[in-house]
**Q** 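What follows is a structure written as structure tokens; I'll ask about it next.
Owing to the predicted nature of the structure, the values given are computational and were not obtained by experimental measurement.
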Amino acid sequence: MNKPSTARVDRPAAPITGQRGHEIQAFGSVVSMPIALADDVRRKSVDNLNQVLADTISLRDLYKKHHWQVAGHTFYQLHLLFDKHFGEQNELVDEIAERIMTLGGISIAMAADVAEMTLIPRPPKGREEVPVQISRLLHAHEIVLKEARTMARQAAEDGDDGTNDLLVSNVIRTNEAQVWFVAEHVVDEPLVHADRQADR
């Protein structure tokens, strides 16, 4: 009968936990990246994109809050719509963060940091009526759109075509489309009888 091997193992297959160390790049700094954009241009775009990112994360999470808490006769439609918009905003979060990293910056990521930076007003923890939920969403969209347009123009002036394209093609167009879908739910239209019925 063969004896089991007693070969020496230099590195046991066990996780190394509890590690601590220094940051390898500070938030707010920009490392050199060979993408043919000057440091000051990349730094400005990173700062702008981090603001859009903080507000996009807040808007995304506002959609998820309302997805869970929506109530009333439009529950099913809005429950699905809010979740769809959450997913689209989540895609934007990833695209914006990756652009920041591409520019040599550090993207904001943690909830506490987002809460400090966002311009979107914090909603109450409790459940609100549908018209209030929608009003909050529309206000948040308007904040994102206003800053995205300003920052897209800045990026274009600075020659940062990648950031300009992201803001125009992705952030602005997605938010405008979502505004349309959400805003139509607060048009005051009759549900059963026409407001002005024709003579019978």
Side-chain angles (χ1 to χ4, degrees), residues 19-66 82-123 134-183:
Q19 300 187 59
R20 298 290 182 268
H22 58 82
E23 293 180 340
I24 60 173
Q25 183 181 350
F27 182 79
S29 67
V30 177
V31 299
S32 181
M33 294 293 278
I35 58 173
L37 283 174
D39 287 356
D40 62 323
V41 170
R42 291 186 295 106
R43 184 171 287 106
K44 194 185 303 179
S45 287
V46 164
D47 290 344
N48 286 342
L49 287 171
N50 262 317
Q51 184 60 60
V52 176
L53 179 58
D55 292 329
T56 300
I57 290 170
S58 294
L59 175 54
R60 176 201 67 185
D61 293 348
L62 191 59
Y63 266 113
K64 186 56 85 172
K65 170 182 166 60
H66 293 338
F82 290 167
D83 206 40
K84 176 179 180 290
H85 285 191
F86 167 85
E88 292 168 355
Q89 290 293 328
N90 199 45
E91 287 178 21
L92 288 179
V93 165
D94 207 45
E95 291 166 356
I96 297 165
E98 288 179 355
R99 179 64 188 169
I100 291 167
M101 302 303 292
T102 299
L103 291 166
I106 296 292
S107 57
I108 194 149
M110 300 304 293
D113 301 321
V114 171
E116 286 178 4
M117 281 185 67
T118 188
L119 302 175
I120 294 173
R122 184 175 178 173
I134 290 175
S135 293
R136 284 191 186 282
L137 290 167
L138 293 176
H139 183 228
H141 277 295
E142 192 170 21
I143 289 169
V144 171
L145 284 165
K146 190 178 293 184
E147 63 193 15
R149 286 196 179 92
T150 301
M151 294 169 183
R153 284 191 294 272
Q154 182 69 65
E157 290 169 10
D158 291 343
D160 185 354
D161 300 323
T163 297
N164 173 269
D165 180 57
L166 170 68
L167 290 169
V168 173
S169 300
N170 299 55
V171 176
I172 292 174
R173 289 185 179 165
T174 298
N175 278 275
E176 285 180 341
Q178 289 187 350
V179 164
W180 175 42
F181 273 84
V182 171

**Q** Supply the atom-to-atom distance L49 CG to I108 CD1, rounded to the nearest 0.5 angstrom.
**A** 12.5 Å
**Q** Answer yes or no: is there a donor N or O on one side and an acceptor on the other, between the side chain of S169 and the main chain of D165, under 3.5 Å?
**A** yes
**Q** Under the criterion side-chain contact (heavy atoms from CB on, under 4.5 Å), I'd like the reasoning laid out for K84 against E88: C-alpha separation, chi angles, the key distance, then a yes or no.
**A** CA-CA 6 Å; K84 176 179 180 290; E88 292 168 355; 2.6 Å; yes
**Q** Supply the atom-to-atom distance E95 CD to T174 OG1, rounded to the nearest 0.5 angstrom.
**A** 7.5 Å
**Q** Would you check, one step at a time, whether the test side-chain contact (heavy atoms from CB on, under 4.5 Å) holds for E176 with L145?
**A** CA-CA 8 Å; E176 285 180 341; L145 284 165; 3.9 Å; yes
**Q** Counting heavy atoms not belonging to F27, are there more than 12 under 6.0 Å from its CZ?
**A** yes
**Q** Could you go through the side-chain contact (heavy atoms from CB on, under 4.5 Å) check for E91 and R60 one step at a time?
**A** CA-CA 10 Å; E91 287 178 21; R60 176 201 67 185; over 6 Å; no
**Q** To the nearest 0.5 Å, what is the distance between OG1 (T163) and CG (L37)?
**A** 7.5 Å
**Q** Any idea which heavy atoms bring I120 and L59 closest together, and the distance?
**A** CD1-N, 3.9 Å
**Q** May I ask you to decide if S107's main-chain N or O and N50's side chain share a donor-acceptor pair within less than 3.5 Å?
**A** no
**Q** Begin with the C-alpha distance, continue with both residues' side-chain angles, and end with the deciding distance and a verdict on side chain to side chain donor-acceptor pair (under 3.5 Å) for D47 and Q51.
**A** CA-CA 7 Å; D47 290 344; Q51 184 60 60; over 6 Å; no
**Q** Please confirm whether the backbone N or O of G104 pairs with a side-chain atom of Q25, one donor and one acceptor, at under 3.5 Å?
**A** yes
**Q** Taking atom OG of S58 and atom CZ of R122, what is their separation to the nearest 0.5 Å?
**A** 10.5 Å
**Q** Search all heavy atoms of V93 against all heavy atoms of I57 and return the closest pair with its distance.
**A** CG2-CG1, 3.8 Å
**Q** Is any side-chain heavy atom of K44 closer than 4.5 Å to one of N48?
**A** yes
**Q** If you take all heavy atoms of I143 and P121, which pair is closest and at what distance?
**A** CD1-CD, 4.1 Å
**Q** Please give me the minimum heavy-atom distance between V179 and H141, naming the atom from each residue.
**A** CG2-CB, 3.4 Å
**Q** Can you confirm whether more than 12 heavy atoms, excluding those of E142, are under 6.0 Å from its CD atom?
**A** no
**Q** Relative to each other, are the rings of H66 and F82 parallel, tilted or perpendicular (30° and 60° limits)?
**A** tilted
**Q** CG/N175 to CG/L92 distance, rounded to the nearest 0.5 angstrom?
**A** 6.5 Å
**Q** Whether the side chain of N90 engages the backbone of F86 through a donor-acceptor N/O pair (distance < 3.5 Å, no angle test) should be reported.
**A** no
**Q** A148 and V171: which non-hydrogen atoms are nearest, and at how many Å?
**A** CB-CG1, 3.9 Å
**Q** Keeping R42 on the side-chain end and D160 on the backbone end, is there a donor-acceptor pair under 3.5 Å?
**A** no
**Q** Start with the C-alpha distance between V46 and I106, add both sets of side-chain angles, then the distance that settles side-chain contact (heavy atoms from CB on, under 4.5 Å), and finish with yes or no.
**A** CA-CA 8 Å; V46 164; I106 296 292; over 6 Å; no
**Q** To check you understand the geometry: which heavy-atom pair defines the closest contact between A54 and T118, and what is its length?
**A** O-OG1, 3.9 Å
**Q** Measuring from I172:CD1 to R149:CZ, what's the distance to the nearest 0.5 Å?
**A** 5.5 Å
